[in-house]
4 protein chains.
Amino acid sequence: MPGNNPAKPRKSPAQSRSRATVEAILDATAHILVNHGLAAASTNRIAEKAGVSIGSLYQYFPNKGALIAALRRRHAEAMRATILQLAGPAASAPLPQAVRSFIHALMQAHRIDPQLHRILALEAPRSDFADSRSDIDHDLRNAICALLESRRNEILPTDLPLAAAMLVRLTDALIHAAVIDNTLDATQQAVEGEIVRVVLRYLQGKVA
Amino acid sequence: MPGNNPAKPRKSPAQSRSRATVEAILDATAHILVNHGLAAASTNRIAEKAGVSIGSLYQYFPNKGALIAALRRRHAEAMRATILQLAGPAASAPLPQAVRSFIHALMQAHRIDPQLHRILALEAPRSDFADSRSDIDHDLRNAICALLESRRNEILPTDLPLAAAMLVRLTDALIHAAVIDNTLDATQQAVEGEIVRVVLRYLQGKVA
Amino acid sequence: MPGNNPAKPRKSPAQSRSRATVEAILDATAHILVNHGLAAASTNRIAEKAGVSIGSLYQYFPNKGALIAALRRRHAEAMRATILQLAGPAASAPLPQAVRSFIHALMQAHRIDPQLHRILALEAPRSDFADSRSDIDHDLRNAICALLESRRNEILPTDLPLAAAMLVRLTDALIHAAVIDNTLDATQQAVEGEIVRVVLRYLQGKVA
Amino acid sequence: MPGNNPAKPRKSPAQSRSRATVEAILDATAHILVNHGLAAASTNRIAEKAGVSIGSLYQYFPNKGALIAALRRRHAEAMRATILQLAGPAASAPLPQAVRSFIHALMQAHRIDPQLHRILALEAPRSDFADSRSDIDHDLRNAICALLESRRNEILPTDLPLAAAMLVRLTDALIHAAVIDNTLDATQQAVEGEIVRVVLRYLQGKVA
DNA sequence: TATGAATGAGTGTTCATTCAT
DNA sequence: CATGAATGAACACTCATTCAT
């Protein structure tokens with residue numbers, strides 16, 4: 001009998017409705033950010049685009065900053081998942097292969113929604129709330145630092161935390177240039193190879 | 001016409017007054033951006049700080065975007081001058097020395113007004129695509145590309161425009177991290193040396 | 001009909017549940033008014049505090065004004081009961097004693113929940129003209145008028161309805177100052193004595 | 001020649017324009033408070049009624065509270081002037097005459113704009129800013145206390161500060177009842193006489 | 001009958017920009 | 001040319017109330 005399924009918890013429909021609303025709001029936010037810019041992303045416009053009343057938006061997000069932060073979190077989570085999936089297995093491979101996998105994973109992660117990534121990374125105010133960008137960077141830094149330490153006798157740099165921090169910034173900047181700003185006048189494949197070379201030469205003085 | 005001296009004056013005092021007013025407005029803008037943040041930089045507040053009426057501000061700048069753009073231009077010009085002065089002479093030095101000078105020049109340029117640079121680079125909305133940041137980057141890219149080409153037999157990369165573009169982005173990102181965000185947990189001297197190593201190993205496979 | 005006991009039950013549990021819900025809502029309203037102020041007393045917050053859904057709140061009260069009015073009524077009823085209990089027996093006492101008892105009863109009534117009384121009396125918007133404050137004042141006025149008339153040869157005022165009305169306002173204002181606003185810079189005991197003197201001198205020209 | 005009068009200071013027209021705008025805003029505020037109540041007095045509505053843009057309103061008042069406070073101040077000033085003018089001369093008269101003048105002055109002051117007075121006294125939130133009501137009460141209390149002290153051997157009360165405070169509250173409440181709420185069922189003249197009697201009997205045990 | 005997600009008119013306030021003087 | 005009073009669209013956010021479930 002439809003409409004009276006005792007297996008489903010009573011609260012479930014309400015929860016799924018809520019979740020759908022939240023997703024619609026986040027989707028609308030991303031859409032407006034990407035297509036009209038941060039300045040155009042007013043809460044009223046977001047609500048309208050989401051097909052939801054402004055009151056509903058504020059039922060789920062206490063203020064605009066929290067909304068942006070949630071979107072940031074969602075996006076960061078997607079990137080993190082991609083990175084983990086693609087780079088995780090390569091952590092124990094020989095260094096050149098590990099670096100190649102890592103760079104590839106980062107580039108793929110940046111391809112999830114490059115325009116959104118650009119706005120969240122560059123324009124959205126950092127001081128708002130729960131900066132997930134620094135979170136992901138921090139995790140990455142730690143992971144890379146560990147990876148370097150496990151091979152400290154194969155590599156040239158001695159201040160490993162510094163090397164790790166620099167690698168994170170460096171790769172991030174180059175990948176942004178390649179994937180997001182497209183200011184490198186070269187195919188993304190070519191750039192990927194060149195980033196690998198930058199990193200391997202920095203770490204080992206050679207590529208192979 | 002009485003007193004119409006075609007040499008230069010007559011108009012000059014007015015022009016120098018104008019220039020002084022423009023400078024006062026730009027100074028006030030920079031001061032407020034640095035000390036109170038982008039959100040506090042309203043045109044009325046800028047005019048007040050500059051000791052000028054809001055009407056006068058709009059006599060010199062058609063809108064707020066033009067004001068920010070002018071400040072950006074002025075700041076970029078100061079950086080460009082610093083870079084030219086410090087790195088120019090080293091262009092013909094041996095590669096390691098040239099790289100060292102270049103990196104040092106870039107770091108000094110970022111030390112002119114790091115907080116202003118941060119806001120202009122990351123927070124202030126760029127009004128149109130033809131902005132001064134890409135200008136300075138473009139010039140830098142050309143200069144470096146020329147430098148690489150004049151030593152194409154000493155270096156490993158073969159796609160020199162790509163290498164130049166990557167070096168610009170890479171150094172900029174690392175210098176920002178060191179000078180502006182201070183997120184590298186190391187002294188600026190140490191970072192400067194490490195950036196030099198990244199670049200030289202990328203170019204030559206070795207530092208010396 | 002099985003189990004249909006005509007005595008009282010069947011309906012009673014539902015009614016008592018209703019009453020309990022209403023009481024919970026009124027309690028929550030009073031609590032929020034006293035502890036967080038009128039501005040914080042939103043219907044949603046009241047419902048939450050009462051452990052009831054916002055829908056249920058509107059099942060029992062057609063709108064917010066009715067809710068406040070009900071709370072006002074409940075509070076007035078409590079005050080009325082206190083006054084009746086404390087002042088009733090003294091109605092037939094000699095005038096000075098009667099006045100003393102009356103004033104004391106009024107002060108005690110204002111001590112039931114002074115903070116709530118303050119908000120209901122001063123801040124909460126009165127929805128319609130037929131409010132309980134005028135009710136209690138009206139009853140009081142009549143009672144006092146009767147008391148004065150039964151002693152019209154002992155007292156100075158001749159327009160007894162006017163005297164009664166003035167006494168009600170006068171005592172109310174002074175008790176508010178003493179118990180609620182505490183703006184008299186004197187102990188409540190001292191104020192009570194002084195109010196008695198004001199009243200007795202007005203009625204008799206002397207205290208004893 | 002019209003439009004070029006060098007006798008008038010340059011800033012004068014601007015100042016008079018400003019003053020007119022401020023007055024218009026305060027007038028509009030008072031009008032809306034009186035005719036539509038506190039709840040209807042939104043800043044946008046006030047600006048509209050004043051024939052002024054909402055921006056202008058905020059040029060002269062930093063927030064709504066300051067606007068209400070300014071209105072309160074203006075009204076209190078008018079009342080204070082009336083009281084001073086009518087009661088000032090009587091301060092040195094014999095007590096009965098002084099009391100009569102005082103009460104009369106207070107009643108006249110409350111007749112300036114009774115409805116506005118009612119809203120400012122009862123509904124407008126006290127916690128906002130510069131509570132002029134307490135100011136005027138405080139001044140009154142001090143004035144009356146001084147008056148009582150100069151005649152301490154003619155009067156019955158011994159705690160003069162308390163007596164003064166009570167007289168202020170008492171007269172205020174009775175005048176409100178007479179002039180503003182009109183809940184005394186008597187002519188204002190009759191009430192005025194009766195208030196005088198309350199006060200004189202309290203102070204002297206007799207009226208003459 | 002109870003629930004709570006959803007509504008949307010309305011609030012106080014800001015600020016880039018204009019224009020009469 | 002300079003002034004600064006004036007503008008008003010726009011913003012982030014609230015809350016009494018409704019209604020599908």
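As a whole-Å value, the separation of Phe61(D) CZ from dA6(F) C1' is 15 Å. Look at CG on Leu38(D): it is 12 Å from P on dT11(E), rounded to the nearest Å. As rounded to whole Å, 15 Å separates atom C1' of dA5(E) from atom CZ of Arg19(A). At whole-Å resolution of the value, CD1 in Ile46(B) and P in dG4(F) are 18 Å apart. Atom CG in Leu57(D) sits about 14 Å away from atom P in dT11(E), given to the nearest Å.
Once rounded to the nearest 0.5 Å, the distance linking CD of Glu123(B) with CG of Leu33(B) reads 9.0 Å. Remark: Arg72(C) CZ to Leu116(C) CG distance equals 9.5 Å, nearest 0.5 Å. Arg19(B) contributes atom CZ, which lies 11.0 Å from atom OH of Tyr60(B) (distance to the nearest 0.5 angstrom). Once rounded to the nearest 0.5 Å, the distance linking CG of Leu57(D) with CD of Glu48(D) reads 12.5 Å. To the nearest 0.5 Å, the span separating OG on Ser42(D) from NZ on Lys49(D) amounts to 13.0 Å.
The nearest pair of heavy atoms linking Phe61(B) to Ala70(B) is CE2-CB, 3.7 Å. In plain terms, the two heavy atoms of Thr43(C) and Tyr58(C) that are nearest each other are CG2-OH, 3.6 Å.
In the region residues 27-36 of chain D, proximity to DNA chain F at under 4.0 angstrom, judged on heavy atoms, holds for none of the residues.
Between Ile68(B) and Leu120(B) the shortest side-chain heavy-atom distance falls below 4.5 Å.
The side chain of Tyr60(D) places an N or O atom within less than 4.0 Å of a non-bridging phosphate oxygen (OP1 or OP2) of dA6(F). Contact between the side-chain N/O atoms of Gln59(A) and the OP1/OP2 oxygens of dG4(E) is not found at any separation under 4.0 Å.
Partners of Ser53(B) under the side-chain hydrogen bond (donor to acceptor under 3.5 Å, both in side chains) rule, at least two apart in sequence or in another chain, are Ser56(B). The ring-ring contact (aromatic ring centres under 6.0 Å, His included) check on His117(C) picks up His75(C), His110(C), His176(C), with sequence neighbours excluded.
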Without placing hydrogens or testing angles, list every side-chain donor-acceptor pair under 3.5 Å for residues 22-32 of chain D, not counting sequence neighbours.
from, atom 1, to, atom 2, distance (Å)
Glu23(D), OE1, Arg74(D), NH1, 2.7
Asp27(D), OD1, Arg74(D), NH1, 3.0
Asp27(D), OD1, Arg74(D), NH2, 2.8
Thr29(D), OG1, Ile25(D), O, 2.7
His31(D), NE2, Asn35(D), ND2, 3.1

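Five base pairs at each end of the helix from dA2(E)-dT21(F) to dT21(E)-dA2(F) define two local axes, and these are offset by 10° (rounded to 10°).
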(request) Starting at the 5' end of nucleotides 9-15 of chain F, put B wherever the base has a protein heavy atom under 4.0 Å, S where only the sugar-phosphate does, and a dash everywhere else. (result) B-SBBBB
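Checking Ser53(B) against Ser53(D), the closest nucleotide of DNA chain F that is more toward the 5' end is the one next to Ser53(B).
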